[in-house]
Amino acid sequence: ERTLLSYERVGWSEEPAVTVDGFETRPAAECGPIIVCLDTSGSMMGARETVAKAMVLECMRQSRTQQRACFLYSFSGPGDCQELEL
């Protein structure tokens, strides 16, 4: 609660997992697009907005490096959502 959780998912394959020394390994599939949701409401002013925009920039850089599509969903309130392909 009240902490940022981050997960990295490289892909998924229906092939069975291999367990070696207690570690489970699954074969990776091709990577899909990076999807970023950005809150642009007034509560994000100041440092929160700066950090959020830095994260969007880094996601965009990683998508270019990994040759993946990157989609940004920007929202600020009910009924206000914009979709951009970066």
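Everything numeric in this text was worked out from a predicted model, so none of it was measured.
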* After noting the C-alpha distance and the side-chain angles of Phe75 and Asp39, does the key distance pass the side chain to side chain contact (heavy atoms under 4.5 Å, CB included) rule? -> CA-CA 5 Å; Phe75 63 93; Asp39 182 352; 3.7 Å; yes

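- Within 6.0 Å of CD on Glu83 lie more than 12 heavy atoms contributed by other residues, nucleotides or ligands.
- Distance check: Arg48 CZ to Ser43 OG gives 6.5 Å after rounding to the nearest 0.5 Å.
- Expressed to the nearest 0.5 Å, how far SG of Cys37 lies from CE of Met55 amounts to 12.5 Å.
- At most 12 non-hydrogen atoms from other residues, nucleotides or ligands lie less than 6.0 angstrom from CD of Gln82.
- Proximity of Val36 to Tyr73: side-chain heavy atoms (C-beta onward) are nowhere separated by under 4.5 Å.
- By the 4.5 Å heavy-atom criterion applied to side chains, Leu84 and Ser74 are not counted as neighbours.
- Rounding to the nearest 0.5 Å gives a distance of 10.5 Å between CZ of Arg64 and CD1 of Ile34.
- Criterion: ILVMFWY side-chain heavy atoms under 4.5 Å apart, direct or through other members. Under it, Phe71 and Leu57 are not part of a common hydrophobic cluster.
- The two residues Ser63 and Ala69 come nearest to each other via the heavy atoms CB-O, 4.2 Å.
- Looking at every heavy atom in both residues, Thr40 comes nearest to Ser76 through OG1-CB, 3.4 Å.
- Side-chain contact between Val56 and Leu86 is present, with at least one heavy-atom pair separated by less than 4.5 Å.
- Placement of Leu72 and Met44 in two distinct hydrophobic clusters is found when ILVMFWY residues are connected by side-chain heavy-atom separations under 4.5 Å, directly or transitively.
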